[in-house]
Amino acid sequence: MSKAELLQVWHDHLAIGQRKSPHTVRAYHTAAERLLTRQELTDWPEVATLTATRLRTHMASRRADGLANSSAARELSALKGFIAFARAQAGHNVTDPPRMRGPRIKKGLPRPVTPDDATALAETVEAMAGEAWTGARDRAVLLLLYGAGMRIAEALSLTADVLPLGERLTVTGKGGKQRVVPILPIVSEAVADYARQCPWPPSTGEPLFRGAKGGPLSQGMVQKATARARKALGLPDTATPHALRHSFATHLLGAGADLRSLQELLGHSSLGSTQIYTQVDAAKLLETYRTAHPRDRD
């Protein structure tokens, strides 16, 4: 079996068998391709017998390439999965990956924006657009992120079949997992406004959000539009489309939402991913305390 054939089997396992996101499939495919090339591996048995020592040497070379801790941790995770898969393909009794610890990653807290800033971002993106319909489009996308807590990839994967939006929307997230999110009137109105202005009438099975030439809208275009609006408003670089999803979670938690409900709304597979927002809320409370406490005033 050639290297290309090995990689195709790996690709299909990730995309079809595990239903990984396209971004994850690309990253895992690239990591495996690099390993096969640098370690001169040509079949499943060779990959299956790769030792922790050789894997450690490979990762050391990747770090020498300038790979950061977070990227190294992700790549090591991908390669462990690849080796475990190879062991299964080769018929080994033991299919666990080699034991090797990745670099420690210091988890940073999400940086939410205020409700006023979230609204201002959406409105400014619309005002700064070159055409009215693209402005309405970008505003609708940002309101879906902030108003429904959607990931940008989830919003851009919506098809015209969801129209007209009701009070709830079924969203397909990572791993093909579905969840139901509430849709506020301001969000449904923004999407309807965009749909009315879009030069391409909504069509069954076709992308809801279109690019300038009619193809699917890319994440990069939304990010660029947000960056322009952010600069105009004087907001920090952390005010990104993804920060709007963080803001949705943080503001709901601050309003009294429980973690389990928030986990379901965000589509997190584990409660641990959701618990980080309790730290965000605590950090905000501490900042307010430090600013307002009488001991800091004469």
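What's counted below: heavy atoms across the whole structure, side chains too, no hydrogens, waters or symmetry copies. No experiment lies behind these values; they were computed from the predicted model shown.
For the residue pair T42 and E46, a side-chain donor N or O sits within less than 3.5 Å of a side-chain acceptor on the partner. A donor atom on one side chain and an acceptor atom on the other are not found under 3.5 Å apart for T114 and D116.
Pairing each heavy atom of L142 with each of A122, the nearest pair is CD1-CA, 4.0 Å. Residues G211 and W133 approach most closely at O-CH2, 3.4 Å, considering heavy atoms. The heavy-atom pair separating A190 from A140 by the smallest distance is O-CB, 3.8 Å. A pairwise comparison of heavy atoms in R38 and S61 identifies NH1-OG, 3.2 Å as the closest pair. Across every non-hydrogen atom of A225 and V125, the tightest pair is O-CG2, 3.7 Å. Looking at every heavy atom in both residues, Y194 comes nearest to L208 through OH-O, 2.7 Å.
Contact check for E5 versus V9: no side-chain heavy atoms found under the 4.5 Å cut-off. Between Q89 and V47 the shortest side-chain heavy-atom distance does not fall below 4.5 Å. Using a 4.5 Å heavy-atom threshold, the side chains of L79 and L50 count as separate. Side-chain contact check for L145 versus H242: every heavy-atom pair is 4.5 Å or farther apart. Put simply, the side chain of I183 does not reach to within 4.5 Å of the side chain of R168, judged on heavy atoms. Between L169 and V180 there is no side-chain heavy-atom pair separated by less than 4.5 Å. Side-chain contact check for P207 versus W200: every heavy-atom pair is 4.5 Å or farther apart.
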For side-chain contact (heavy atoms from CB on, under 4.5 Å), just list the numbers for Q223 and T240, CA-CA rounded to whole Å, side-chain angles, deciding distance to a tenth of an Å, and then say yes or no. CA-CA 7 Å; Q223 290 162 348; T240 62; over 6 Å; no
Verdict with supporting geometry, L158 and M150, side-chain contact (heavy atoms from CB on, under 4.5 Å): CA-CA 11 Å; L158 294 175; M150 295 174 65; 4.0 Å; yes
L233/D117 under side-chain contact (heavy atoms from CB on, under 4.5 Å): CA gap, chis, key distance, verdict: CA-CA 9 Å; L233 292 168; D117 286 343; over 6 Å; no
Step by step, work out the side-chain contact (heavy atoms from CB on, under 4.5 Å) result for L55 and Q39. CA-CA 9 Å; L55 182 57; Q39 295 295 315; over 6 Å; no
Would R62 and E75 count as a salt bridge (Lys or Arg N to Asp or Glu O under 4.0 Å) if you check the C-alpha gap in whole Å, the side-chain angles of each, and the deciding distance to 0.1 Å? CA-CA 9 Å; R62 290 290 291 133; E75 183 156 330; 2.8 Å; yes
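Under a cut-off of 6.0 angstrom, the local environment of CD1 in I186 is sparse, with at most 12 non-hydrogen atoms contributed by other residues, nucleotides or ligands. The environment of E167 atom CD is sparse: at most 12 non-hydrogen atoms of other residues, nucleotides or ligands sit within 6.0 angstrom.
We find the CZ-CD distance between R139 and E123 to be 6.5 Å, quoted to the nearest 0.5 Å. Note that CZ of R54 is 9.5 Å distant from CD1 of I83, once rounded to the nearest 0.5 Å. Within the model, atoms OG of S218 and NZ of K224 stand 7.5 Å from one another, a figure rounded to the nearest 0.5 Å. Rounding to the nearest 0.5 Å places CZ of R245 at 13.0 Å from CG of L144. Here the CZ-CZ distance, from R63 to R56, works out to 13.5 Å after rounding to the nearest 0.5 Å. Residue L244 holds its CG atom at 8.5 Å from CG of L143, rounded to the nearest 0.5 Å.
The aromatic rings of F85 and W44 sit perpendicular to each other, their planes meeting at more than 60°, with 30° as the lower class boundary. Note on ring orientation: taking the six-membered ring where Trp is involved, the planes of Y28 and W10 are parallel (angle under 30°, cut-offs 30° and 60°).
Remark: R179 engages E154 in a salt bridge, criterion side-chain N to carboxylate O under 4.0 Å. Using a 4.0 Å cut-off between a side-chain N of Lys or Arg and a carboxylate O of Asp or Glu, R210 and D138 do not qualify as a salt bridge. The existence of a salt bridge linking R137 and E126 is excluded, since no basic side-chain nitrogen approaches an acidic carboxylate oxygen closer than 4.0 Å.
In this structure, the side chain of R87 engages the main chain of A48 through a donor-acceptor pair within 3.5 Å. At distances below 3.5 Å, at least one donor-acceptor pair connects side-chain atoms of T134 with backbone N or O atoms of E131. Judged by distance alone, with hydrogens and angles left aside, the side-chain atoms of S77 form no donor-acceptor pair with the main-chain N or O of A73 at under 3.5 Å. No donor-acceptor pair under 3.5 Å is formed between the side chain of S203 and the backbone N or O of E206.
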